[in-house]
Amino acid sequence: VATAAFQIEGAAREGGRGESIWDRFCAQPGRIVDASSGEIACDHYHRMPDDVALMARMGVKNYRFSIAWPRVQPDGHGPWNEAGFAFYERLLDALQAHGIAAHLTLNHWDLPQSLQDQGGWTSRETCGHFVRYAQEVARRFGHRLASLVTHNEPWVIAILGHEQGIFAPGVKARSKAFQVSHHPLLSHGMAVKALRQSHPQLSLGIVLNLSPIYPASASQADLDKARLDDGYIVRWYMDPLFKGQYPADVLEDLGSDAPLVAEEDLAIISQPIDFVGVNYYTRNFSSSGNPWDVRANAQRVTDMGWEVYPPGLTELLVRLHRDYRPQALLVTENGSAFVDQLQDGLVHDPERLDYLREHIEACRTAVLQGVPLKGYFAWSLLDNFEWASGYSKRFGLVYVDYKTQARIVKSSGHWYSNFLMGR
Ligand code: FCB
C-alpha cells in the first residue's frame, strides 16, 4: 500500500515541523474544495504504531510512504530537526518489527515554504538543497530501505502547480511551468549520482504519472494532437531519463516556454536507475477540438470523474517496456475514489473492489507479456487529504471516520488482504 506524508500525518505544527507550500496553499481561501487542510489529516503522526499494526494485520508486506521534508529540515536548507527524523525512525522500527519493507519517497510535493520564498522549483538552487536532503536521509536510513524514490509526479508539480495553478504553490505561468519540470528531473539525476557513491546497494527510482493518451477519433488532427499530448505527459519525462534528451516535437511546441537547460543536465538526468514507478488511475483522450475529454467516452467513472479502464494499465506497461527498457517497473499507485457509506460499522465498496481486482489482473497480463513489473502498491491505505479536493474524495482501503479517527477496513480492503495472504 502507499500513502504520502502531507495527506495523512497531520501534526503540521508539532515536533518542530516547518511550513510547507501545501500548508500555505490550504490557508488561501478558495484553494481547497472543503476549505480543509493537512493540519490534522489522519493524525497518523500520533497513530502511526496502530496504523502499521493494521497494515500488518492486513497482510501488507511493502509500504510506500514519503518524508515531509519540512519535518526533518524546517526551512529546507538549514539545520536538521532531530524530532522529525525521530518520527521516521520510529516508523521504520515499527515496519521492521512487523516485517514490512520500507519504500521511501523524498518529495511528495510538500516543499518547505522557505525554499518557495526563494523561488522554489523555478530556481536551480533548489536542486542543490534537495540533494543535501536526499544525502542526509540516505545517511540515516539508507540501510533500512527496500527502495528510495526521489520525486513523485514531477508533471503535477509543474503543470498543476505552476501552469494551471490548482495545486500548491498555485502559480499560473506557462513560462515558469517547464523550468519547474526540469529542476525535479535534474535534482533527481544529481541525487541518484550522489547516492550511488554513498549507497551502492540502494534501489533508486522516480515516480511518474503516465496516463496513456488515446486519440478521440481516427482523424489526422486527433492523431497528431494525441501524439503531442503524449509528448507532454509521457515522453517529456521518460525521454530525458532514458534517452538523455527532451522530445523535439514538445520543445518545438513550447517555443519560448521551453526550459533553460545547461549543457551537462541531460547527462545527469539520464543516470541509470533501478526502476520507474508508474502511478496509473485512468486514460485520457485527446482531440484537436476538445482536449482531455474523458467523460464523453467513459462507461464507468470514479468519484473523481476518471474513467475506469484497466486495459490502459497493461498497454502503458507494455509500451514503457518496449520503448524504454527500464530495468524494472513498479506500479507505485493505483486506486479509486468512490462515495463510501459507513453503515453498522461496515463499508461496502464493490466498485473499488472491482477496480482493484481488474487492475491487478491488468498487471498480471503485462507480466505475462514479458514486462519486468516487480511490484504493485494500492493507493491508498487510508482515506486521506486528497489535495485540492480536501477530504471530499475517499481513496482508502480503510475508511477513516474523521470525527473519531476510527479506522474501518472496507470490503475492498478485506478482499485485498485475502489476496495478499494468498487466500
Ligand atoms: C496522485 C498522487 C497521490 C494521490 C492520487 C489520487 O496523483 O500522487 O498523492 O492524491 O493521485
Side-chain angles (χ1 to χ4, degrees), residues 1-10 20-22 25-26 31-34 36-38 41-42 44 63-69 103-111 149-164 166-168 181 184 188 205-212 232-234 237 276-284 292 294 301-309 312-313 316 330-340 349 351-352 355-356 359 376-398 400 412:
V1 294
T3 65
F6 191 80
Q7 296 178 272
I8 63 166
E9 284 181 5
S20 82
I21 57 173
W22 270 93
F25 188 72
C26 291
R31 294 299 202 179
I32 312 298
V33 172
D34 55 5
S36 64
S37 73
C42 305
H44 172 74
Y63 178 46
R64 173 174 180 237
F65 65 97
S66 78
I67 288 196
W69 184 355
H103 300 262
L104 186 154
T105 296
L106 290 167
N107 173 30
H108 202 120
W109 308 346
D110 43 359
L111 186 76
V149 160
T150 52
H151 299 284
N152 182 72
E153 302 187 352
W155 179 91
V156 169
I157 300 171
I159 304 303
L160 301 190
H162 293 80
E163 185 181 22
Q164 300 179 13
I166 57 173
F167 276 21
S181 74
H188 156 83
I206 188 168
V207 166
L208 305 172
N209 54 310
L210 301 175
S211 166
Y232 273 104
I233 196 158
V234 177
Y237 300 91
V276 174
V278 175
N279 291 352
Y280 177 84
Y281 290 92
T282 189
R283 66 169 165 177
N284 285 99
W292 308 99
V294 195
V301 292
T302 69
D303 193 30
M304 298 296 280
W306 299 344
E307 183 189 9
V308 178
Y309 187 65
L313 178 53
L316 172 65
L330 298 176
V331 173
T332 35
E333 289 180 24
N334 173 239
S336 55
F338 288 104
V339 180
D340 294 315
D349 61 341
E351 291 166 301
R352 188 177 289 100
Y355 182 100
L356 204 58
H359 284 83
Y376 172 94
F377 296 84
W379 184 270
S380 181
L381 173 66
L382 304 168
D383 291 337
N384 59 45
F385 177 79
E386 180 46 37
W387 310 112
S389 305
Y391 298 96
S392 72
K393 304 291 178 205
R394 293 178 177 271
F395 275 90
L397 298 172
V398 176
V400 176
S412 60

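Positions are given from 1, in the same order as the sequence printed here. Atoms within each ligand, like the ligands themselves, are counted from 1 in listed order. Below, each value reflects all heavy atoms present in this structure, side chains not excepted, and no hydrogens, waters or symmetry copies.
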Does H359 have any side-chain hydrogen bond (donor to acceptor under 3.5 Å, both in side chains) partners at least two apart in sequence or in another chain, and if so, which?
none
Distance-only donor-acceptor check, side chains Y237 and S181, under 3.5 Å:
no
Run the salt bridge (charged side-chain N to carboxylate O under 4.0 Å, His left out) test against D383 and tell me which residues pass, sequence neighbours left out.
R394, K410
Would N284 and S211 count as having a side-chain donor-acceptor pair, cut-off 3.5 Å?
yes
At a heavy-atom distance under 4.0 Å, which protein residues reach ligand 1? Sort them by chain and number, would you?
Q7, H108, W109, N152, E153, N279, Y281, E333, W379, E386, W387, F395
Taken in chain and number order and not counting sequence neighbours, the residues that satisfy salt bridge (charged side-chain N to carboxylate O under 4.0 Å, His left out) with E153 are none
Identify the two heavy atoms, one from S389 and one from D34, that lie closest to each other, and give their separation to 0.1 Å.
O-OD2, 4.1 Å
